[in-house]
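Residue numbers count from 1 along this sequence. This is a predicted model, so every value here is computed, not measured. The basis for the numbers below is simple: all heavy atoms, side chains too, and nothing from hydrogens, waters or symmetry mates.
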Amino acid sequence: MKKLLIAATIGLSFSIAQGMALAAPPADWSKVEATEINVFYPGISPMEWIIGPLRIDSVRHGGGRAFVKGDTCADCHADETAEMGERIVTGEKLEPNPVPGKPGSIPVTIQAAHDGENLYMRFSWKQPGSANSPKMDDKNPVKIAFMLDGGMVATADQSGCWASCHADSRTMPDGADDKTKHVKDGSLAGGVFYDLFQWRSGENKALNGYVADKRVLEESAGISAEGKLDGDTWTVVFQRKLAGGEGDVSLESGKAYNIGLAIHNENTAGRYHHVSLGYKLGIDIKGDLTAMKF
């Protein structure tokens with residue numbers, strides 16, 4: 001019986017891996033709609049500051065009231081992400097430890113498509129010039145991640161992945177070393193979580209996980225990613241099942257999902273990343289990003 005169970009497990013794992021291998025992204029990405037967004041440096045701007053009550057350097061977020069009334073971050077800031085990032089990264093505001101030469105923002109081109117079974121997300125951007133940032137992650141010069149929400153995380157529809165960023169998280173000035181990203185009332189069993197995907201350049205591997213009451217990130221058979229640096233341009237393509245599994249947001253045609261993006265550049269970690277505002281990913285329907293069947 002034990003041998004049969006082992007054989008069945010090996011067979012199932014092989015079937016999953018084989019299914020991922022047989023699926024393939026669009027052969028010609030030039031035929032897939034492309035959208036450019038800026039990821040920008042956020043400094044120390046946790047959710048508690050975004051919504052208003054927390055003061056940083058004696059200053060509250062000027063858009064806190066509008067946010068509480070229902071405005072999205074993009075409603076106010078979509079056209080000024082580059083300027084915001086530059087003001088923060090230079091230490092003018094929200095950054096007590098500026099790194100000279102670090103870029104305030106990075107333009108990223110995003111494409112999305114699906115084949116009825118799998119979602120494919122393609123990200124490309126030019127590698128910024130070196131700022132000689134302190135190396136926090138020796139293994140990975142670059143990491144890229146995105147998070148999806150199915151409508152259960154509070155304020156995710158306004159802020160993208162910002163609802164996972166808190167003043168008590170590690171690498172924040174008042175954060176605890178053992179406190180990871182988390183969301184209000186986070187519960188994997190209750191469906192209140194972000195679906196999290198990450199690719200690491202040095203280790204050349206994809207990770208999948210979630211952010212609920214804590215962040216969990218691990219290797220998974222349900223996701224794959226390929227990335228490369230061609231000249232000065234990075235390109236990373238993620239693949240995951242539309243249906244997903246435990247800890248995944250199930251994606252359905254005709255629906256839209258909240259999405260946020262982050263890039264860790266020059267071996268950085270924790271809060272020292274570049275992030276996007278919140279956007280909508282539509283599956284066969286119009287969104288800020290749209291994944292149509294090919």
Side-chain angles (χ1 to χ4, degrees), residues 35-56 59-85 87-88 93-94 105 108 110 112 121 145-169 172 180-188 190-197 210-213 215 248-252 254-263 271 273-283 285-291:
T35 302
E36 184 177 280
I37 66 168
N38 273 330
V39 291
F40 65 99
Y41 188 69
I44 49 171
S45 54
M47 200 64 204
E48 292 79 8
W49 181 78
I50 297 295
I51 60 179
L54 178 66
R55 294 175 183 266
I56 297 179
V59 178
R60 286 182 175 175
H61 175 217
R65 289 184 179 180
F67 187 89
V68 170
K69 290 181 179 178
D71 284 7
T72 71
C73 296
D75 286 338
C76 295
H77 301 300
D79 297 327
E80 58 182 22
T81 51
E83 292 81 1
M84 287 195 306
R87 291 179 65 192
I88 296 171
K93 59 183 292 186
L94 297 173
S105 62
V108 183
I110 307 176
M121 298 287 297
F146 67 97
M147 290 199 279
L148 296 170
D149 162 60
M152 296 291 286
V153 175
T155 73
D157 59 336
Q158 296 172 266
S159 64
C161 59
W162 227 284
S164 68
C165 178
H166 298 279
D168 63 353
S169 297
M172 296 293 278
T180 66
K181 286 182 176 294
H182 56 283
V183 300
K184 181 180 178 182
D185 301 323
S187 169
L188 184 62
V192 183
F193 65 89
Y194 283 112
D195 194 355
L196 172 61
F197 309 88
Y210 59 87
V211 179
D213 58 322
R215 188 187 80 159
D248 292 329
V249 172
S250 180
L251 305 176
E252 300 178 29
K255 294 186 177 181
Y257 302 86
N258 300 310
I259 185 171
L261 170 68
I263 291 176
R271 72 171 182 85
H273 52 5
H274 291 75
V275 301
S276 75
L277 299 176
Y279 298 98
K280 293 284 188 182
L281 170 65
I283 309 297
I285 63 169
K286 188 64 178 177
D288 302 303
L289 310 168
T290 303

Side chain of [X], backbone of [Y]: donor and acceptor closer than 3.5 Å?
X: D71; Y: D75; result: no
X: Y194; Y: G160; result: yes
X: E48; Y: L54; result: no

Of all the heavy-atom pairs spanning [X] and [Y], show the shortest one and how long it is.
X: M121; Y: I110; result: CE-CG2, 4.0 Å
X: N38; Y: A82; result: ND2-CB, 3.9 Å
X: S187; Y: G190; result: OG-N, 2.9 Å
X: I37; Y: S276; result: CD1-CB, 3.8 Å
X: H273; Y: A262; result: CD2-CB, 4.0 Å
X: F193; Y: D149; result: O-OD1, 4.1 Å

Indicate yes or no: at least one non-hydrogen side-chain atom of [X] is less than 4.5 angstrom from one of [Y].
X: I283; Y: K255; answer: no
X: M147; Y: I259; answer: no
X: S105; Y: M84; answer: no
X: Y210; Y: L196; answer: no
X: E36; Y: V108; answer: no
X: K280; Y: L289; answer: no
X: H182; Y: D168; answer: yes
X: N258; Y: V153; answer: no

Between atom [atom1] of [X] and atom [atom2] of [Y], what is the distance when rounded to the nearest 0.5 Å?
X: L281; Y: L251; atom1: CG; atom2: CG; result: 7.0 Å
X: H61; Y: I51; atom1: NE2; atom2: CD1; result: 11.0 Å
X: M152; Y: D157; atom1: CE; atom2: CG; result: 12.5 Å
X: R55; Y: R60; atom1: CZ; atom2: CZ; result: 4.0 Å
X: R271; Y: K181; atom1: CZ; atom2: NZ; result: 11.5 Å
X: D195; Y: C161; atom1: CG; atom2: SG; result: 13.0 Å

- S159: which of S164, C165, C73 passes side chain to side chain contact (heavy atoms under 4.5 Å, CB included):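 Between S159 and the candidates, side chain to side chain contact (heavy atoms under 4.5 Å, CB included) is satisfied uniquely by C73.
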- Task: Identify, with sequence neighbours excluded, every residue that meets salt bridge (charged side-chain N to carboxylate O under 4.0 Å, His left out) alongside K93.
- Result: none
- Message: Under the rule for ring pair (Phe, Tyr, Trp, His ring centres under 6.0 Å), what residues qualify as partners of F40, not counting sequence neighbours?
- Response: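 Applying ring pair (Phe, Tyr, Trp, His ring centres under 6.0 Å) to F40 gives W162.
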- Item | Verdict with reasoning, I56 to L94, per side chain to side chain contact (heavy atoms under 4.5 Å, CB included) | CA-CA 7 Å; I56 297 179; L94 297 173; 3.7 Å; yes
- Message: Run the side chain to side chain contact (heavy atoms under 4.5 Å, CB included) test on T35 and Y279 for me, step by step, so that the C-alpha distance in whole Å, both residues' side-chain angles and the decisive distance to 0.1 Å come before the verdict.
- Response: CA-CA 11 Å; T35 302; Y279 298 98; over 6 Å; no
- Task: May I ask you to decide if the ring planes of F146 and F197 are parallel, tilted or perpendicular, using 30° and 60° as cut-offs?
- Result: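 Aromatic pair F146/F197 classed parallel.
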